[in-house]
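Right, one structure below, let's go through it.
Each chain gets a letter, A, B and so on, in the order the sequences are listed, and its residues count up from 1. FYI, side chains are in, hydrogens and waters are out, and symmetry mates aren't considered; it's all heavy atoms of this structure. Here the structure is a predicted model, which is why all the values come from computation and not from measurement.
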There are 2 protein chains.
Amino acid sequence: MKTPQDAFSDYLTDQNLKMTPQRRLILETMLKQGDHVSSEELYARVKKKDPSIGQATVYRTLKLLSDSGLVEPLDFADGVTRYEPSYGKEHHDHLICERCGKNIEIMDETIERRQEAIAREHGFTLCSHKMYLYGVCPDCRKKGEA
Amino acid sequence: MKTPQDAFSDYLTDQNLKMTPQRRLILETMLKQGDHVSSEELYARVKKKDPSIGQATVYRTLKLLSDSGLVEPLDFADGVTRYEPSYGKEHHDHLICERCGKNIEIMDETIERRQEAIAREHGFTLCSHKMYLYGVCPDCRKKGEA
DNA sequence: TTTCTTGCAAAACTTTTGCACGTTA
DNA sequence: TAACGTGCAAAAGTTTTGCAAGAAA
């Protein structure tokens with residue numbers, strides 16, 4: 001399997017776009033510690049390595065990474081779009097603690113199959129889905145009781 | 001079962017808040033044709049009945065209705081928060097056509113049970129969930145082929 | 001009469017865009 | 001060298017907030 005870096009290069013070439021140091025850096029940073037980061041957060045991290053980089057470039061690059069399938073936009077309904085690396089990773093959903101924000105990745109074959117079935121029953125061709133489970137994690141529940 | 005209007009009144013009283021003509025009108029409008037409306041859209045409708053009403057009042061009232069459990073915020077990731085009446089209605093999820101925006105309400109016992117089970121396996125107490133299925137509806141697929 | 005609510009306008013935020021200048025292929 | 005990319009600042013779009021005046025309990 002191609003590295004994410006190569007996959008990105010290939011995508012850019014394919015679209016007649018160009019590789020730049022900024023794009024490389026943003027992808028690197030995203031891959032390194034990029035779980036559920038917002039554009040703003042990523043911008044802050046990227047800026048430490050290259051203070052001259054602009055916020056707009058981060059937004060624009062995230063869109064490219066998204067279009068190329070290297071990262072996945074997430075929507076936790078907190079007002080900002082978050083992203084996670086998705087290249088070569090299996091699809092998963094999220095179980096989120098409403099108190100502390102803890103975020104557990106889940107995958108469930110039964111649910112995936114039912115989703116397909118439901119779409120088919122309505123004549124839809126399923127493209128993607130989003131599922132977020134919100135609850136209270138064990139730690140927070142203990143604190144609540146104490 | 002209480003009417004939504006009464007439930008809202010009770011909620012307001014309970015919170016030491018007050019019923020007003022604006023709040024009554026916004027709730028009425030929401031109930032009447034309120035499926036998947038944004039604040040902006042609701043504002044437009046409400047304004048026809050009472051042109052003096054302010055946008056901010058609609059936002060503020062939607063928050064109240066949300067907090068009181070009368071309406072449910074939806075997040076179709078189109079940049080705006082949408083709402084639907086939820087009082088006395090069964091929970092359901094959404095199957096959305098990516099092309100035309102068609103929106104079908106779905107409910108599935110199997111999935112709901114699995115969600116509970118997954119949360120439990122991780123020690124979570126499940127509070128709520130959101131699930132959106134994105135696909136292409138039969139009509140749009142036909143158009144695409146034509 | 002006290003507290004809450006309203007409408008307005010301004011502010012706050014996230015994200016997008018226009019533009020002149022630099023860079024990539 | 002032709003096309004694309006960048007940083008900056010301004011703009012766009014949604015939602016929130018401060019405030020003075022008005023209304024509900």
Next on the checklist: Does D:dC4 have OP1 or OP2 under 4.0 Å away from a side-chain N or O of A:Q15?
Outcome noted: no

Item to check | Parallel, tilted or perpendicular, as decided by the 30° and 60° cut-offs, for the rings of B:H94 and B:Y132 | outcome: parallel

Checklist outcome for this item: Against the side chain of B:V80, the closest entry in D:dT15, D:dG7, C:dG7 is D:dT15

Next on the checklist: Let's go through A:K47 and A:Y43 carefully: what are the C-alpha distance in whole Å and the side-chain angles of both, what is the deciding distance for side chain to side chain donor-acceptor pair (under 3.5 Å) to 0.1 Å, and is it a yes or a no?
Outcome noted: CA-CA 6 Å; A:K47 224 172 157 177; A:Y43 174 53; 3.1 Å; yes

Checklist entry - Does the side chain of A:Q22 get closer than 4.0 angstrom to OP1 or OP2 of D:dG7 through an N or O atom? => result yes

Checklist entry - Would one find a side-chain N or O of A:S38 under 4.0 angstrom from OP1 or OP2 of C:dT14? => result no

Checklist entry - Just how far is it from atom CG of B:L70 to atom CG of B:L62, taken to the nearest 0.5 Å? => result 11.5 Å

Checklist entry - Hey, does the side chain of B:T81 come within less than 4.0 Å of D:dT15's phosphate (OP1/OP2), counting only N and O? => result yes

Checklist entry - Where the side chain of B:K18 is concerned, which of D:dT14, D:dT6, D:dA25 is the nearest nucleotide? => result D:dA25

Item to check | Toward the 5' end of DNA chain D, by each residue's nearest nucleotide, B:R60 or A:D50 | outcome: A:D50

Item to check | Atom-to-atom span, CD of A:Q55 to C1' of D:dC8 - whole angstrom | outcome: 12 Å

Next on the checklist: So, does A:T20 get its side chain near the phosphate of D:dT6, meaning an N or O under 4.0 Å from OP1 or OP2?
Outcome noted: yes

Checklist outcome for this item: In whole angstroms, the gap separating C1' of D:dT15 from CG of B:D75 amounts to 14 Å

Checklist entry - Relative to the 5' end of DNA chain D, which residue comes earlier, B:M19 or A:R23, by the nucleotide with the nearest heavy atom? => result A:R23

Checklist entry - What orientation do A:Y11 and A:F8 show, parallel under 30°, tilted 30 to 60°, or perpendicular over 60°? => result parallel

Next on the checklist: For B:L64 and A:L17, find the nucleotide of DNA chain C closest to each by heavy atoms; which residue's nucleotide sits nearer the 5' end?
Outcome noted: B:L64

Next on the checklist: Distance check needed: D:dT14 C1' versus B:R82 CZ, whole Å only.
Outcome noted: 12 Å

Next on the checklist: Could you report the tightest heavy-atom contact between A:S128 and B:E98, atom names first, then the distance?
Outcome noted: OG-OE2, 4.1 Å

Checklist entry - Among D:dT15, C:dT14, C:dT6, which is the nearest nucleotide to the side chain of B:T57? => result C:dT6

Checklist entry - Taking only side-chain nitrogens and oxygens of A:Y59, does any of them come within less than 4.0 Å of OP1 or OP2 of C:dT16? => result no

Checklist entry - Please give, in whole Å, the distance from C:dA25 P to A:D14 CG? => result 15 Å

Item to check | Value in whole Å for how far the P atom of C:dC8 lies from CD1 of B:I53 | outcome: 10 Å

Checklist entry - Quick one: A:Y43 OH to C:dC13 C1', roughly how many Å, whole number? => result 15 Å

Checklist outcome for this item: Rounded to whole Å, the CG-C1' distance (B:L27 to C:dT5) equals 17 Å

Item to check | Length of the line joining A:E40:CD and C:dT15:P, which is rounded to integer Å | outcome: 8 Å

